[in-house]
2 protein chains.
Amino acid sequence: MAAERRRATIYDVAQAAGVSKSLVSLVLRDSPSVSAPRRAAVLAAIKELDYRPSQAATALAGGTSQTVGVVIDDYTNTWFVELLRGLQEGLASAGLRIAVSDRSLNTHIESDPLDGFLSTRVEALVLATEPTEAMRFSSQIPVIIAGNRATEVPGADITSSDDRLGARRAIEHLISLGHTQIGHIAGGGGASMQRIAGYQDAMKAAGLTERIVTVSELTTEDIGYQCTRQLLGEAPETTAILAGNDSMAMGALGAAQEAGLLVPKDLSIIGYDNSPLSDTHLLQLTTVDSRNHALGLHAAEQVLSRLADPERTAQRVLLEPLLIERSTCAPVCNA
Amino acid sequence: MAAERRRATIYDVAQAAGVSKSLVSLVLRDSPSVSAPRRAAVLAAIKELDYRPSQAATALAGGTSQTVGVVIDDYTNTWFVELLRGLQEGLASAGLRIAVSDRSLNTHIESDPLDGFLSTRVEALVLATEPTEAMRFSSQIPVIIAGNRATEVPGADITSSDDRLGARRAIEHLISLGHTQIGHIAGGGGASMQRIAGYQDAMKAAGLTERIVTVSELTTEDIGYQCTRQLLGEAPETTAILAGNDSMAMGALGAAQEAGLLVPKDLSIIGYDNSPLSDTHLLQLTTVDSRNHALGLHAAEQVLSRLADPERTAQRVLLEPLLIERSTCAPVCNA
DNA sequence: CTGAAAGCGCTTACAG
DNA sequence: CTGAAAGCGCTTACAG
């Protein structure tokens, strides 16, 4: 019944255009050594037949997949979205495409998202997650780390935002508003460690007492809520909180609401990441922008330059974060 | 300097294991017709050489990519995450992998995420987005629609949640709480249309006056905020709102806060999707669960059954949604 | 159970 | 500018 027409191949195109298949290949690769009329004929045949080169064949014959793999933590935590945009913008001009893999999704199936990427023969790996052991030593392929990570990957390039500076700036902002009882709720991982250090820098410099609460490696809303409850229980005199990220800050807002504290009148809160969440009408969360789009752009540059020169020494790019003042901070209330 | 060792091929494995390459291929494909000792030898060689079959070669020679493409709207809107989980669980057993493409990301680069998938020769396409013209007529390949869509795709299977029923249930819940002034803020697309219809069903059945506000096709937090401002401006007597989704509901919460209305005392709000957002301590949003994980599981089944029998007629699976009562609804206050 | 052969759909030199 | 040839790394019949 249904005439299962197989997909057109380069042979079909060549025949329809009345040229050899090599010529079709040249047109596909935008070679300048093709006469205009022939090129037009080939293009017409391609359109006519709805021809699309087989990626598998192209990759196998060309010896290059033209794709870079990016590993993220978890689709639910959307901080990576702007990173991806930047990456793609930076890579598209070089004809490289992106394949993204979510670590939490793969947990149940494959042991490591890396396996898939290695089979695909990706040109490079961008890690927007804490590297696994396997990722640390898959030295066959260029690795670019996006963001601050706790574990090092030998030989990898790094593009990150200066989380330590960002946290320091956030605390300095709170101090300038008169706060002295400032707590920090934190999760785990490299970024968290840097943010903790920045918090400590600023508190020490001002001679203030540090109070850091961590109940989990995670940085979810619920963890932020739990940390805040614990913090407010142990130190009710707290007037300001720096959260490890925006999700945790949202948890802090929940805990404050539950405790009957008004934000920012009774309690100032600063998040981190400048996620879409932070810019909602309901939250208007003061936060630190880690400039993820720029992060992606720089990571793309590192991919390209390493592909161009595999021997070059590892680079490290550090972006300056920006404090975004919205509505969750106020001068301390001397009641 | 650095001895750029090329990746091991099936030949290297065969040689290391002292067998022919066909035998290696058989082991890779888990053929039962391989003796235990030889299989062990091959497995050892694979491990030793860190061999990973080239996906490109496998796909080209086998004539099958073993991957299904799924198109989503936008990584920022995380409703698709559970869908993906369900899909992957359902597909993994059949050895199929998933490739996901975000429409908004591709907007700037390729004309259509479909192009990439067609080049990859995906086995099937799962659309978790409003189909583009190109997607509607790429009849070469099985298409499964996930969720309610405004545009039809000829011959496609459909797995969706009964959005019309869900919205009706939500309104009936509000009516049972004594509300009569119930507004609906809506966006665009197939799901929105169904939810609007469900709202109308319930309002008509109760003899209540409908009030639907739409300011955009989008369903973002900001749009929810704008719709709510408009609704409260036009009809200040409103005591309850059904939002098109959870993001819009969050916008509604923001608008309510700004207007000095207390939720749920002055205003009851119901969202839709049961997204992670809705379950935060701060929001505790009453919402409708569209059961996205089950959606993914059913869509996976449709993929598999269609792959097994390309000739079978199109299926339609409709899942029953669940009202999730949390803290944003209260009996109407007869002040 | 095993090995030699052909072929998947392309690209890449290499002669003309 | 163009065409015949070899090869990318696998899988799939097909003889033994």
Side-chain angles (χ1 to χ4, degrees), chain A residues 4-43 45-46 49-67 95 116 118-123 140, chain B residues 4-43 45-46 49-67 95 116 118-123 140:
Chain A
E4 272 275 328
R5 276 201 312 161
R6 62 173 189 74
R7 292 215 64 98
T9 72
I10 199 171
Y11 287 91
D12 303 318
V13 175
Q15 190 179 347
V19 301
S20 79
K21 60 189 179 321
S22 315
L23 199 265
V24 176
S25 182
L26 288 176
V27 171
L28 287 177
R29 323 200 69 245
D30 253 336
S31 163
S33 59
V34 178
S35 68
R38 299 220 176 200
R39 152 174 270 114
V42 170
L43 258 20
I46 287 178
L49 298 171
D50 192 30
Y51 168 71
R52 290 149 201 281
S54 152
Q55 199 172 293
T58 307
L60 187 57
T64 159
S65 64
Q66 297 290 81
T67 112
L118 254 23
S119 278
T120 309
R121 306 285 189 263
V122 293
E123 312 294 334
Q140 308 258 22
Chain B
E4 270 275 326
R5 275 201 314 160
R6 60 171 192 74
R7 291 214 64 98
T9 71
I10 199 170
Y11 288 90
D12 304 318
V13 175
Q15 190 179 347
V19 301
S20 78
K21 61 190 178 318
S22 314
L23 198 263
V24 177
S25 181
L26 289 176
V27 171
L28 286 178
R29 324 201 66 245
D30 253 338
S31 162
S33 59
V34 178
S35 69
R38 300 221 175 197
R39 150 172 272 114
V42 169
L43 259 19
I46 286 177
L49 298 173
D50 191 30
Y51 168 71
R52 289 151 203 281
S54 153
Q55 200 173 292
T58 307
L60 187 57
T64 160
S65 64
Q66 297 290 81
T67 113
L118 253 23
S119 279
T120 309
R121 306 284 190 264
V122 293
E123 313 293 334
Q140 306 259 23

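Convention: sequence-line order gives letters A, B, ...; per-chain numbering from 1.
With rounding to the nearest 0.5 angstrom, the OG1 atom of Thr9(A) is 9.0 Å from the CG atom of Leu49(A). The structure places OG of Ser54(B) at 5.5 Å from CG of Leu60(A), a figure rounded to the nearest 0.5 Å. Separating the CG atom in Leu23(A) from the CG atom in Leu28(A) is a distance of 10.0 Å, to the nearest 0.5 Å.
As rounded to whole Å, 14 Å separates atom P of dG3(D) from atom CD of Gln15(A). Per the geometry, CD1 belonging to Ile10(A) stands 12 Å off C1' belonging to dT12(C), to the nearest Å. At whole-Å resolution of the value, CZ in Arg7(A) and C1' in dC8(C) are 16 Å apart. Computed from coordinates, the Arg29(A) CZ to dA13(C) P distance equals 10 Å when rounded to whole Å. Atom P of nucleotide dC10(D) and atom CD of Gln55(A) are separated by 17 Å, given to the nearest angstrom. Atom CD1 of Ile46(A) is separated from atom C1' of dC10(C) by 13 Å (rounded to the nearest Å). Computed from coordinates, the Tyr11(B) OH to dA4(C) P distance equals 11 Å when rounded to whole Å. Leu49(B) has its CG atom 12 Å from the P atom of dC10(D), to the nearest Å.
When each of Leu23(B) and Thr64(A) is assigned the nucleotide of DNA chain C with its nearest heavy atom, Leu23(B) is the one assigned upstream, toward the 5' end. When each of Leu26(B) and Leu60(B) is assigned the nucleotide of DNA chain D with its nearest heavy atom, Leu60(B) is the one assigned upstream, toward the 5' end.
Checking dT2(D), dC10(C), dC10(D) against the side-chain heavy atoms of Tyr51(A) singles out dC10(C) as nearest. In the set dC10(C), dA5(C), dT2(C), the nucleotide with an atom closest to the side chain of Lys21(B) is dA5(C). Comparing dT11(C), dT2(C), dC10(D) by their nearest atom to the side chain of Ser25(A) picks out dT11(C). When each of dC10(C), dT2(C), dG7(C) is scored by its nearest atom to the side-chain atoms of Arg121(B), the top-ranked nucleotide is dC10(C). Closest approach to the Ser22(A) side chain among dT11(D), dA4(D), dT11(C) is made by dA4(D) (side chain taken as heavy atoms from C-beta onward). Distance from the side chain of Thr9(B) is smallest for dG9(D) among the nucleotides dT2(C), dC10(C), dG9(D). Candidate nucleotides dC10(D), dC1(D), dC10(C) were compared by shortest atom distance to the side chain of Ser35(A), and dC1(D) ranks first.
Atom CD of Gln66(A) is surrounded by more than 12 heavy atoms from other residues, nucleotides or ligands within 6.0 Å.
Gly62(B) comes within 4.0 angstrom of the backbone, heavy atoms only, and of no base.
Look at dC14(D): its Watson-Crick or wobble partner, with both distances under 3.5 angstrom, is dG3(C).
When all heavy atoms of Pro53(A) and Arg121(B) are compared, the pair lying nearest together is C-NH2, 3.9 Å.
Scanning atom types as modelled, no donor and acceptor separated by under 3.5 angstrom connect the side chain of Ser20(A) and the base of dA4(D).
A sub-4.0 Å separation between OP1 or OP2 of dC1(D) and a side-chain N or O of Arg39(A) is absent. Between Arg38(B) and dC1(C) there is no side-chain N or O to OP1 or OP2 distance below 4.0 Å.
For the pair Arg52(A) (side chain) and Thr120(B) (backbone), a donor-acceptor distance under 3.5 Å is absent.
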